[in-house]
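To keep things clear, I will list the structure first and then write my remarks on it.
Naming: A, B, ... by sequence-line order, numbering from 1 per chain. Below, all heavy atoms of this structure are taken into account, side chains as well, without hydrogens, waters or symmetry copies.
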Amino acid sequence: MSKYRTHTCGELNITHKGNEIILSGWINKKRDHGNLLFIDLRDNYGLTQCVIDKSNKIFNDLEKLPLETVIKIEGTVLERTKETINKNIITGQIEVKIKKIFVLGKTKELPLPVFSDQEYAEEIRLKYRFLDLRRKKIHQNIILRSKVISFIRLEMQNFGFLEFQTPILTSSSPEGARDFLVPSRLNQGKFYALPQAPQQFKQLIMVSGFDKYFQIAPCFRDEDARADRSPGEFYQLDLEMSFVEQEDVFNVIEKLFVKLFKNFSKKKILDEKFPRISYSDAMLRYGSDKPDLRNPLQIYDLTEIFKREDVKFDIFKKLVKSGSVVRSIITKKTKEKPRSFFDGIDNWAKEQGSSGLAYFSLEKNDKILGKGPVGKFFSEESLKEIMKKTNAAVGDTVFLSCGKKNEVEKILSQARTKIAEELNLIDKNVFSFCWIIDYPMYEMDELSKKIKFSHNPFSMPQGDLNNINFLDPLNIKAYQYDIVCNGIELSSGAIRNHIPELMYKLFEIAGYSKSDVDQKFSGMINALSYGAPPHGGIAPGIDRIVMLLADEKNIREVTMFPMNQNAQDLMMNAPSKVSDEQLKELGINIKKKN
RNA sequence: GGGGGUGUAGCUCAGUUGGUUAGAGCACGUGCCUGUCACGCACGGGGUCGAGGGUUCGAGUCCCUUCACUCCCGCCA
């Protein structure tokens, strides 16, 4: 028998009536009646009400113990009377009559209460994370995370995947995010980099003939944080498969995700066969490559309308002549909404840094006309054309944005969310997955006007590999895909380029010489030259999956020991200074800040 | 690097047009209370109003600077 407990605090029920038992845990809550004291004892498994009265000599000592003291209780399980049963806790049918107690761990005055559902300042929560983690909601989130990871492991093994570890200390690579660097003592002046993802390693695993690999892999990227993006480190379900095409990867993920999300959430999955949307379609219809498909609003291009003679909206017409586009969002049956609704949206758009959203509603007297600030600029014929293009009807409202294509995409993407929220159009009880496919291989860097890889440089280009038009690189599409759920990007993946000659060619377009590639990606390019199988994979973000399942908006709510927005660990005091001896060994001098 | 929000007791917050000794709930302390489960009642301790400067007879409140946290943009193949 354990010295500390015979049962956990979530275990006792009516069948234990009369038993002599031992419990250990934290004092969650006291209710002191002066001559009668209730103590809710808490551990990982639950709560048990313990009771003592004045007839016991230790009553006065127990009465004085502060909340969160760790104690061991010896006592008897009593059946509660009918009126005193607590249906809210699993042990609510019984209580423990205390005979003896032992204090196992004292507490200082608490910097934040554990017994409370209130929200607390992030700073104090992170500094005292061990207290914060005792609180019910986040405690359950972390347990959920553990279960999700176990579930994924099991499923992946059932699919025939092998789990491997890959190095944490590796080399810096020129593409992608900023690296975290680790100085080398034995090779002074040189640095390791922490992996941004095990990308090259997993491809090497395929070349090594292991066929199907996965890992719950830590990834390190030195970029600024967001609510759904931890600074520094995060976890991916990293996987790679040999002898596969895009649809084979989709098949595994769809099976896994449907099972996973059904198992851990009551929300419905909108389409179990996830819709495939091309990148260009997504940008046109949703203004984003991570559309929230729960949102029924769509974006329509109306640029052509503003080239018509019978449309007199001169500001937009002038902009269209100089290459701008006009796109719209239609809201259904919003004609009667108060002016404040429309102006609110317009003002919001201006706050987002755009020139605002023009709007008018469609009305019909003897003919169709536009009502609202810019409605008068449109002829009946032009309005009919708009209705045809957008499926708008009388009573609907047309919101318009005009500007450079990428600016319009951005503001309408945000407006789509904003308007849907205002009109309460988003079903919160649904998971809506989709695949975004057919990403372009390259894009133009706006600043340098140079061609660069738009996503993963190791992706396989689409089409006949012997006939790729390298002179028109911006039109080369890649077998590169993202999976999106409820507007959250869960992952990118790709079918990889396993042909060295083709890879040199593709890197050349992005400005890397053969020797650049040989040097920067030596491990991989070398390996691909010795018989590499066609392969591909994907790497869904674990943290974001758990966020969706836990219904949390912030990644720190599903991360045990997160850093704050400035990438500091307030509990462990990281990052911190190191001794001069340590620096000397590494051959590093710290420059003083001016 | 840029923009927004927040900062008052250990914690969550209120604080009027600039005006007496800055309040409430929880927590903590003392006392009363034998069936509570957010127990109740009474009393009490606890404040660099984030920091610095300024305006004023007088600043939690107005102005300037600055710091911290947070959300967003940039960034994140």
Side-chain angles (χ1 to χ4, degrees), chain A residues 28-41 47-56 59 63-68 78 80-89 91-92 95 97 107-128 131-132 135 173-179 196-197 199-200 219-232 234 351-354 410-411 414 439 441-443 445-447 452-459 478 480 482 489 492-494 507 510 520-521 539 541 553-554 556 564-566 568 570:
Chain A
N28 191 58
K29 190 72 184 156
K30 289 189 297 183
R31 288 175 296 281
D32 189 352
H33 292 239
N35 294 310
L36 179 74
L37 172 65
F38 296 100
I39 287 182
D40 290 337
L41 198 68
L47 274 185
T48 302
Q49 173 166 283
C50 304
V51 62
I52 188 171
D53 68 26
K54 202 109 200 193
S55 64
N56 190 325
F59 182 90
E63 206 179 25
K64 287 199 170 61
L65 293 177
L67 300 184
E68 294 307 308
L78 303 181
R80 293 203 202 184
T81 61
K82 231 179 190 175
E83 316 82 68
T84 60
I85 286 173
N86 184 348
K87 285 175 186 156
N88 298 321
I89 56 175
T91 61
E95 62 190 359
K97 182 170 179 158
T107 177
K108 296 200 279 189
E109 188 174 359
L110 299 171
L112 71 100
V114 171
F115 172 76
S116 172
D117 293 330
Q118 255 181 324
E119 299 205 24
Y120 297 94
E122 203 78 26
E123 196 173 1
I124 201 100
R125 291 184 59 194
L126 294 183
K127 185 166 180 191
Y128 297 95
L131 287 178
D132 191 36
R135 297 168 65 221
S173 77
E175 283 289 324
R178 211 174 278 117
D179 282 319
Q196 295 180 22
Q199 179 65 37
Q200 293 190 59
C219 303
F220 306 91
R221 296 176 191 176
D222 187 3
E223 297 293 352
D224 290 354
R226 287 288 184 278
D228 64 350
R229 205 166 81 204
S230 290
F234 62 97
E351 278 167 23
Q352 303 308 305
S354 83
K410 192 175 151 195
I411 189 64
Q414 291 172 307
Y439 274 84
M441 190 84 206
Y442 300 100
E443 63 189 15
D445 188 297
E446 290 298 326
L447 288 175
K452 60 173 193 177
F453 288 109
S454 70
H455 275 72
N456 188 326
F458 307 124
S459 301
Q480 162 83 44
D482 276 14
E489 182 192 324
S492 291
F507 267 94
K520 298 293 185 187
F521 309 105
K553 291 212 160 46
N554 194 300
R556 290 185 296 273
N564 69 9
Q565 195 169 45
N566 296 321
Q568 298 160 337
L570 299 176

Table of protein N/O atoms under 3.5 Å from nucleotides 72-74 of chain B N/O atoms:
unit_1 : atom_1 : unit_2   : atom_2 : d
B:C72  : OP2    : A:Ala227 : N      : 3.0
B:C73  : OP2    : A:Arg226 : NE     : 2.7
B:C73  : O3'    : A:Lys410 : NZ     : 3.4
B:G74  : N7     : A:Arg226 : NH2    : 2.6
B:G74  : O6     : A:Arg226 : NH1    : 3.0
B:G74  : O6     : A:Arg226 : NH2    : 3.2
B:G74  : N1     : A:Asp224 : OD2    : 2.6
B:G74  : N2     : A:Asp224 : OD2    : 3.3

Contacts under 3.5 Å, N or O only, protein and nucleotides 41-44 of chain B:
none

>> Between B:C26 and B:A68, how many Å separate the two P atoms, rounded to a whole number?
In response: 35 Å

Polar atom pairs (N or O), protein with nucleotides 4-9 of chain B, under 3.5 Å:
none

> A:Tyr442: what forms a ring pair (Phe, Tyr, Trp, His ring centres under 6.0 Å) with it, not counting sequence neighbours?
Replying inline: A:Phe453

> If pairs are Watson-Crick or G-U with both distances under 3.5 Å, what is the dot-bracket string of RNA chain B, marking crossing pairs with [ ] and pairs to another strand with |?
Replying inline: (((((((..((((.....[...)))).(((((.......))))).....(((((..]....))))))))))))....

> Which letter, B, S or -, goes with each nucleotide of nucleotides 24-29 of chain B from 5' to 3', with contact meaning a protein heavy atom under 4.0 Å?
Replying inline: ---SS-

>> Could you tell me how far B:C62 sits from B:G7 if I compare only their P atoms? Round to whole Å.
In response: 12 Å

> A:Asp222 has an atom CG; how far is it from atom P of B:C76, in whole Å?
Replying inline: 12 Å

>> When you measure only distances, ignoring hydrogens and angles, does the side chain of A:Arg80 come within 3.5 Å of the base of B:C37 through a donor and an acceptor?
In response: yes

> Can you tell me if the side-chain N/O atoms of A:Asn554 get under 4.0 Å from OP1 or OP2 in B:C71?
Replying inline: yes

> Should the pair A:Arg229-A:Asp224 be classified as a salt bridge under the 4.0 Å nitrogen-to-oxygen rule?
Replying inline: no

